[in-house]
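Computed over heavy atoms, backbone and side chain alike; hydrogens, waters and symmetry mates excluded.
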Amino acid sequence: MSDQDTAIRMAAFAWCRQLLRAQGGAVPWVAIQHGFTCEGENIHLGSTPRGIHRPAQMRRGVLSIKTTKPKRGRTARYDDALGDDGDFIDAFQDDDPNSRDNVALRESFEEQSPLIYFYALVSGVYDILFPCYVAAWDTHVLRCRVAVGSAHELDERAQIRVPQQPLERRYTTVEAKVRLQQGEFRELVLEANDRQCAIAGLPIARLLEAAYIIPDRDDRGRPEVSNGLCLSTLHHSAYDRCHPGHRPGGCTRWPRGAQAARWADPRAGAQGVSRAADSVVTACRGSAESGGIGGAV
């Protein structure tokens with residue numbers, strides 16, 4: 001791998017860290033597509049129409065792979081998979097293993113060069129995994145397998161270290177899949193609730209979370225929209241403490257005091273938020289002690 005390719009990859013990883021911090025782990029494609037700057041040049045992180053991307057400034061391998069989630073009523077163009085076990089499975093760009101994109105994938109496999117994996121949580125919104133590696137490149141089934149590496153494989157001097165062993169990558173890949181499942185659940189719940197807290201009406205996405213109605217530790221606690229509530233971090237914390245009753249018709253039974261505790265006016269500052277939090281938790285605790293709150297069902 002050339003020094004120029006290494007510099008581009010390291011700059012891309014640094015920019016992805018900034019995107020994840022700024023967006024809270026769910027990054028819209030509009031924020032990704034602008035790209036980043038390396039040695040005075042603007043470089044695109046990915047391609048809108050294509051799932052495999054190598055910018056013109058790079059010589060070998062790919063910089064990123066992108067999955068897609070089609071909009072409602074449409075079918076995905078490529079058969080990418082988030083399997084129950086093992087690596088991510090991605091389809092080739094087309095049916096020709098010798099096409100430019102697929103050859104670039106093979107180069108990444110042969111050289112074990114790190115890349116970025118844009119995983120679609122919902123249409124147009126992505127989590128970003130890196131460094132990732134092509135673990136297998138199969139011309140018979142026209143698919144490759146992608147494993148997630150560790151940030152420890154990249155050091156602060158813009159050098160790429162010796163990759164992890166396959167067993168270590170399997171562990172980090174499984175961890176990544178759990179995170180993606182939770183991220184996808186959050187985005188689906190927020191989208192279904194117009195990105196507003198179901199109790200307070202708070203419309204600030206970075207302060208919203210998806211709460212399980214039936215906890216995920218329960219066998220029935222599936223990460224599905226029908227089992228989720230869009231709540232602010234404040235109300236989610238209160239919910240986890242007291243579990244307001246949720247009826248099959250979709251109505252969540254909160255104590256009267258909690259219903260009245262709307263999100264604090266930002267002008268009230270930290271004290272206003274603290275008072276709002278106290279009122280929700282106090283109302284929930286008091287109702288729970290008096291038997292007024294049922295368990296999640």
Is any side-chain heavy atom of [Y] closer than 4.5 Å to one of [X]?
X	Y	result
Leu121	Asp127	yes
Gln23	Pro28	yes
Pro203	Arg195	no
Met58	Gln4	no
Ser232	Leu207	no
Glu184	Pro223	no
Leu19	Phe36	no

Do you know the tightest heavy-atom contact between [X] and [Y]?
X	Y	value
His53	Leu45	CD2-O, 3.4 Å
Arg9	Pro114	NH1-O, 2.5 Å
Thr139	Pro97	CG2-CB, 3.8 Å
Leu190	Ala205	CD2-O, 4.3 Å
Thr67	Ala120	OG1-N, 2.9 Å
Val134	Leu115	CG2-CD2, 3.8 Å

Between the side chain of [X] and the main-chain N/O of [Y], is any donor-acceptor distance below 3.5 Å?
X	Y	value
Asn227	Arg222	yes
Gln93	Ile52	yes
Ser108	Val62	yes
Glu187	Val125	no
Arg17	Ala12	no
Asp194	Gln196	no
Lys66	Tyr119	no
His44	Gln33	yes

At what distance, to the nearest 0.5 angstrom, does [atom1] of [X] lie from [atom2] of [Y]?
X	Y	atom1	atom2	value
Asp87	Arg145	CG	CZ	5.0 Å
Arg59	Ile8	CZ	CD1	9.5 Å
Cys38	Ile43	SG	CD1	4.5 Å
Thr233	Leu208	OG1	CG	8.0 Å
Glu209	Phe185	CD	CZ	11.5 Å
Ile89	Cys144	CD1	SG	9.5 Å

Less than 6.0 angstrom separating the ring centers of Phe88 and Tyr117, yes or no?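 Ring-ring flag for Phe88/Tyr117: true, centres closer than 6.0 Å.
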
Before we go on, tell me: are the rings of Phe109 and Tyr133 under 6.0 Å apart, centre to centre?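 That pair fails the under 6.0 Å test.
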
Show me the pairs that pass salt bridge (charged side-chain N to carboxylate O under 4.0 Å, His left out) and involve residues 24-43, at least two apart or across chains.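 The answer is none; no pair qualifies.
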
Filter on salt bridge (charged side-chain N to carboxylate O under 4.0 Å, His left out), then keep only pairs touching residues 98-109, sequence neighbours left out; what's left? Arg50-Asp101, Arg54-Glu107, Arg60-Glu107, Arg106-Glu110

Look at the aromatic rings of Trp29 and Tyr126 and report parallel, tilted or perpendicular, splitting at 30° and 60°.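 If you compare the ring of Trp29 with that of Tyr126, the planes turn out tilted.
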
If two hydrophobic side chains count as joined below 4.5 Å and joins carry through other members, does [X] share a cluster with [Y]?
X	Y	answer
Phe92	Val103	no
Leu20	Phe118	yes
Ile65	Leu142	yes

For the pair Thr37 and Asn42, evaluate side-chain hydrogen bond (donor to acceptor under 3.5 Å, both in side chains) and give the outcome as yes or no after the intermediate values. CA-CA 5 Å; Thr37 301; Asn42 185 70; 4.5 Å; no

Salt-bridge present (Asp90, Arg143; N to O < 4.0 Å): no

So, applying side chain to side chain contact (heavy atoms under 4.5 Å, CB included) with Cys16, which one of Ile32, Ile128, Leu129 is it?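 Of the listed options, the one satisfying the test is Ile128.
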
Are Asn102 and Asp96 linked by a side-chain donor-acceptor pair shorter than 3.5 Å?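 Short answer, no.
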
For Leu229 and Val189, what are the C-alpha separation, side-chain angles and deciding distance, and is it a side-chain contact (heavy atoms from CB on, under 4.5 Å)? CA-CA 7 Å; Leu229 288 172; Val189 170; 5.7 Å; no

